[in-house]
Amino acid sequence: MQQVSQHIGEAIGAVGLETDDPLVFRAKVSPNRPAVIEVATGRHLSYGELNELASRCAGWLAKVLPGGEDHPRIAYLGRNSIAEIIACLGCQRLGAVFVPLNWRLSATELQQILADCRPHMLIVDREFSEIAGETGPLLPPKLVVEGEAGFLARLQGARPRAGGRIAADTPCIILYTSGTTGTPKGVIITRRNAFFSAINFALVGEVTSQSVTLCDLPFFHTIGIIAIARTTLLMGGRLVISDRFQPERTLSVLGDTALGITHYFAIPQMASALRASPHWNPAALKALKAIFIGGAPLSPALIESFLEDGVALVNGYGMSEAGTVLHMPLDKDMISAHPGSVGFAAPLTEIRLMASDGTDAADGDVGEIWLRGPAVTPGYWNKPKETESAFVDGWYRTGDLGRRDETGLLYIPDRLKDMYISGGENVFPAEVEAVIATHPSVRDVAVIGIPDPRWGESGVAFVVPASPETLAEDILSHCASRLAPFKRPLCVIFLEAIPRTASGKAQKHILRQSHNDTDPKPL
């Protein structure tokens with residue numbers, strides 16, 4: 001079976017793409033169908049109108065960008081908007097590379113990214129013009145387009161440029177990783193990668209031309225720019241764009257019967273905020289097929305709380321390097337029966353679980369997740385050593401640990417680099433975090449391993465308490481009754497907030513550095 005699936009993957013990977021542009025087909029067959037709408041402004045475009053603006057964007061870029069440059073980069077610093085979608089699609093139509101920047105970063109962090117990708121143009125919303133100025137000149141200095149209105153105004157007089165045949169392995173997007181290690185890398189997304197990644201999510205998420213998706217996750221993340229936006233447009237659905245997550249506004253949009261939102265993607269912290277809102281009203285969400293969750297571990301307790309209200313939280317697993325990888329079916333009974341699972345492999349992605357001895361892990365055993373398929377990145381921008389070390393015989397090593405049960409469902413115990421060994425036993429911080437998160441006085445938690453002269457390593461729990469009265473002793477007692485001694489954290493450290501990436505992952509390198517700097521005593 002593995003050999004057959006390998007041949008299928010190789011055949012798909014060899015296919016040339018005439019219509020990887022997600023607008024071309026839809027603009028022909030349904031030009032008047034609604035394509036995008038902005039929550040903040042009410043602005044909306046049909047597929048015909050969006051296609052026209054993407055062509056004008058390509059024409060304008062062809063005129064202002066330097067000739068003879070392979071894969072010219074266009075960086076974009078701004079919140080979600082129709083303008084950003086137009087810029088992304090216009091780049092693809094021309095053969096340029098779109099680089100959406102994380103607007104949550106500092107000027108120093110942005111400068112590092114700009115120095116790495118060396119964009120030929122920076123399009124920046126006025127909201128972020130000051131921090132863009134603090135990054136210093138682009139390397140080399142190139143054109144800066146300020147303001148969404150200024151960008152769209154430049155397209156009005158541009159001559160439309162139709163998309164020609166461009167090699168499927170041409171880069172079209174660079175996504176800079178969230179930086180859980182503190183060193184973001186530019187993930188190359190080719191035209192082939194983007195197309196098959198969108199198909200993967202369309203299949204597992206049941207996205208059709210009748211789907212209406214709401215996106216308030218940022219477009220600088222793979223969930224926003226590909227899983228939601230590109231999939232919706234490729235399938236001919238309607239993309240509702242929100243420039244930020246605000247629980248009350250999001251619930252209002254989800255419950256708007258005129259919009260009829262069918263698909264919504266969130267990270268666990270966003271889902272928790274929605275349900276904790278005084279405006280939470282599951283009866284208003286009848287059009288919603290599911291709330292799709294990714295980016296960070298999802299607690300079974302949160303899944304069950306939503307199911308009790310008749311709303312399915314559909315867990316999944318993906319990454320910038322491969323898009324949608326694993327996904328639970330949209331089946332409430334299966335979700336309830338397997339609340340800790342991230343589901344089955346997406347149809348166009350092959351998965352192996354590799355044991356530490358280099359063999360395939362047996363069902364029930366833990367192994368590193370390796371990936372192969374047309375949605376998997378060819379590597380990292382300007383980082384040949386990191387690219388080489390990430391692949392083995394064509395398989396991408398994710399660095400995440402997985403376990404497959406006898407039914408084929410997969411579970412993610414933790415990151416390989418986050419696992420620590422205490423007293424000779426492997427400890428997965430995610431398991432400890434899941435236990436601590438069930439304590440009623442805990443709002444958020446992250447666990448790391450630290451050196452321990454007696455046990456080799458021991459755990460430290462960083463906790464955001466629900467109230468000032470929360471006691472560390474209560475949390476440690478909670479762990480003592482639910483975890484084996486070697487899994488229990490050595491101490492609890494209270495924080496106002498856990499540092500997290502835009503996708504919800506705890507930035508444990510920051511926590512480790514904080515612990516090393518302060519060297520707190522056990523509580």
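Starting from 1, each residue takes its place in the sequence as its number. Values reported hereafter were calculated over all heavy atoms of this structure, with side chains retained and with hydrogens, waters and symmetry mates removed. If you're wondering where the values come from, they're calculated on a predicted model, not measured in any experiment.
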Undergrad: Is the shortest heavy-atom distance from the side chain of I448 to the side chain of P429 under 4.5 Å?
TA: no

Undergrad: Is any NZ, NE, NH1 or NH2 atom of the basic residue among E52 and R159 found under 4.0 Å from an Asp or Glu carboxylate oxygen of the other?
TA: no

Undergrad: Filter on salt bridge (Lys or Arg N to Asp or Glu O under 4.0 Å), then keep only pairs touching residues 23-37, sequence neighbours left out; what's left?
TA: none

Undergrad: Using every non-hydrogen atom in the two residues, find where P31 and S46 come nearest and quote the distance to one decimal.
TA: O-OG, 3.1 Å

Undergrad: Report the distance from atom CG of L251 to atom CG of N281, rounding to the nearest 0.5 Å.
TA: 9.0 Å

Undergrad: List the steps, then state whether salt bridge (charged side-chain N to carboxylate O under 4.0 Å, His left out) holds for E49 with R56.
TA: CA-CA 11 Å; E49 291 168 332; R56 290 187 182 276; over 6 Å; no

Undergrad: Which heavy atom of L110 sits nearest a heavy atom of N102, and at what distance?
TA: CD2-O, 3.6 Å

Undergrad: Would you check if V97 and C91 make a side-chain contact, meaning some heavy-atom pair closer than 4.5 Å?
TA: no

Undergrad: Does E388 CD have over 12 foreign heavy atoms under 6.0 Å away?
TA: no

Undergrad: Which residues satisfy the side-chain contact (heavy atoms from CB on, under 4.5 Å) test with I37, sequence neighbours excluded?
TA: H44, V240, L259

Undergrad: Can you tell me how far apart OH (Y396) and OG1 (T387) are? Round to the nearest 0.5 Å.
TA: 9.5 Å

Undergrad: Out of the candidates I261, T232, L239, only one should pair with V212 under the side chain to side chain contact (heavy atoms under 4.5 Å, CB included) rule; please name it.
TA: I261

Undergrad: Under the salt bridge (Lys or Arg N to Asp or Glu O under 4.0 Å) test against D243, which residue among R249, R79, R43 passes?
TA: R249

Undergrad: Rounded to the nearest 0.5 Å, how far apart are CD of Q269 and CG of L274?
TA: 12.0 Å

Undergrad: Classify the side-chain pair E248/S277 by whether it contains a donor and acceptor separated by less than 3.5 Å.
TA: yes

Undergrad: So do F462 and V445 actually touch side chain to side chain, heavy atoms under 4.5 Å?
TA: no

Undergrad: With rounding to the nearest 0.5 Å, note down the distance linking CG in L94 to CD1 in I74.
TA: 7.0 Å

Undergrad: Report the distance from atom SG of C215 to atom NE2 of H263, rounding to the nearest 0.5 Å.
TA: 13.5 Å

Undergrad: Answer yes or no: is there a donor N or O on one side and an acceptor on the other, between the side chain of R73 and the main chain of M121, under 3.5 Å?
TA: no

Undergrad: Rounded to the nearest 0.5 Å, what's the gap from CG on L89 to SG on C57? Could you check?
TA: 8.5 Å

Undergrad: Strictly by modelled atom types, are S106 and E109 linked by a side-chain donor-acceptor pair under 3.5 Å?
TA: yes

Undergrad: Counting only N and O atoms by type, is there a donor-acceptor contact under 3.5 Å from the side chain of T250 to the main-chain atoms of P247?
TA: no

Undergrad: Would you please indicate if the ring centroids of F265 and F201 are separated by under 6.0 Å?
TA: yes

Undergrad: Do H327 and Y317 have ring centres separated by under 6.0 Å?
TA: no

Undergrad: Strictly distance-based, threshold 3.5 Å: is any side-chain N or O of N80 a donor or acceptor partner for the main-chain N or O of I241?
TA: no

Undergrad: Do L348 and I199 have side chains that get closer than 4.5 Å, going by heavy atoms?
TA: yes

Undergrad: Can you check side-chain hydrogen bond (donor to acceptor under 3.5 Å, both in side chains) on N200 and T349, steps first, answer last?
TA: CA-CA 8 Å; N200 260 341; T349 300; 3.1 Å; yes

Undergrad: L233 versus I85: any side-chain heavy-atom pair under 4.5 Å?
TA: yes

Undergrad: Are P268 and I293 side-chain neighbours, meaning at least one heavy-atom pair lies under 4.5 Å?
TA: yes

Undergrad: Before accepting this row, confirm whether a basic side-chain N of the pair R93/D21 lies closer than 4.0 Å to the acidic partner's carboxylate O.
TA: yes

Undergrad: Go through the steps for T222 and S320 under the test side-chain hydrogen bond (donor to acceptor under 3.5 Å, both in side chains), then give the verdict.
TA: CA-CA 5 Å; T222 184; S320 299; 5.4 Å; no

Undergrad: Mind checking ring pair (Phe, Tyr, Trp, His ring centres under 6.0 Å) for F220 and listing every partner two or more places apart, or none if nothing turns up?
TA: W103

Undergrad: How close do I226 and A198 get, counting heavy atoms only, and between which atoms?
TA: CG2-N, 4.2 Å

Undergrad: Checking V124 against L101 for the side chain to side chain contact (heavy atoms under 4.5 Å, CB included) test, could you report, in this order, the C-alpha distance in whole Å, the side-chain angles of both residues, the deciding distance, and whether it holds?
TA: CA-CA 10 Å; V124 55; L101 300 175; over 6 Å; no

Undergrad: Could you go step by step and tell me if Q210 and T262 meet the side-chain hydrogen bond (donor to acceptor under 3.5 Å, both in side chains) rule?
TA: CA-CA 9 Å; Q210 302 305 308; T262 61; over 6 Å; no

Undergrad: E496 vs V464, test: side chain to side chain contact (heavy atoms under 4.5 Å, CB included). Steps then yes/no.
TA: CA-CA 6 Å; E496 293 185 0; V464 178; over 6 Å; no

Undergrad: Between L330 and V204, what is the shortest heavy-atom contact and its length?
TA: CD1-O, 3.4 Å

Undergrad: Got a salt bridge between R512 and D418, using NZ or NE/NH1/NH2 to carboxylate O under 4.0 Å?
TA: yes

Undergrad: Considering residues at least two apart in sequence or located in another chain, which fulfil the ring pair (Phe, Tyr, Trp, His ring centres under 6.0 Å) criterion with F306?
TA: W280

Undergrad: Quick one: does S129's side chain have a donor or acceptor within less than 3.5 Å of a partner on R126's backbone?
TA: yes

Undergrad: Considering only heavy atoms from C-beta outward, does the side chain of V99 approach that of I173 to under 4.5 Å?
TA: no

Undergrad: Is there a side-chain contact between E350 and L371 (heavy atoms, below 4.5 Å)?
TA: no

Undergrad: Filter on salt bridge (Lys or Arg N to Asp or Glu O under 4.0 Å), then keep only pairs touching residues 255-272, sequence neighbours left out; what's left?
TA: none

Undergrad: Quick one: sort the W60 and F151 rings into parallel, tilted or perpendicular, breaks at 30° and 60°.
TA: perpendicular

Undergrad: What do the steps show when you test I351 against I369 for side chain to side chain contact (heavy atoms under 4.5 Å, CB included), and what is the final call?
TA: CA-CA 7 Å; I351 290 181; I369 300 173; 4.2 Å; yes

Undergrad: The test is side-chain hydrogen bond (donor to acceptor under 3.5 Å, both in side chains); show your working for E386 and S389 and say whether it passes.
TA: CA-CA 5 Å; E386 287 85 345; S389 64; over 6 Å; no

Undergrad: Regarding D116 and K185, does a basic nitrogen lie under 4.0 Å from an acidic carboxylate oxygen?
TA: no

Undergrad: Taking all atoms of both residues into account, what is the closest heavy-atom pair of Q156 and L152, and its distance?
TA: NE2-O, 3.4 Å

Undergrad: For E321, run the side chain to side chain contact (heavy atoms under 4.5 Å, CB included) check against T177, I188, L175, N193 and tell me which one passes.
TA: T177

Undergrad: Looking only at heavy atoms, which two atoms of T170 and G95 are closest? And how far apart?
TA: CG2-O, 4.4 Å

Undergrad: Tell me the salt bridge (Lys or Arg N to Asp or Glu O under 4.0 Å) pairs involving residues 204-231, sequence neighbours left out?
TA: E206-K289

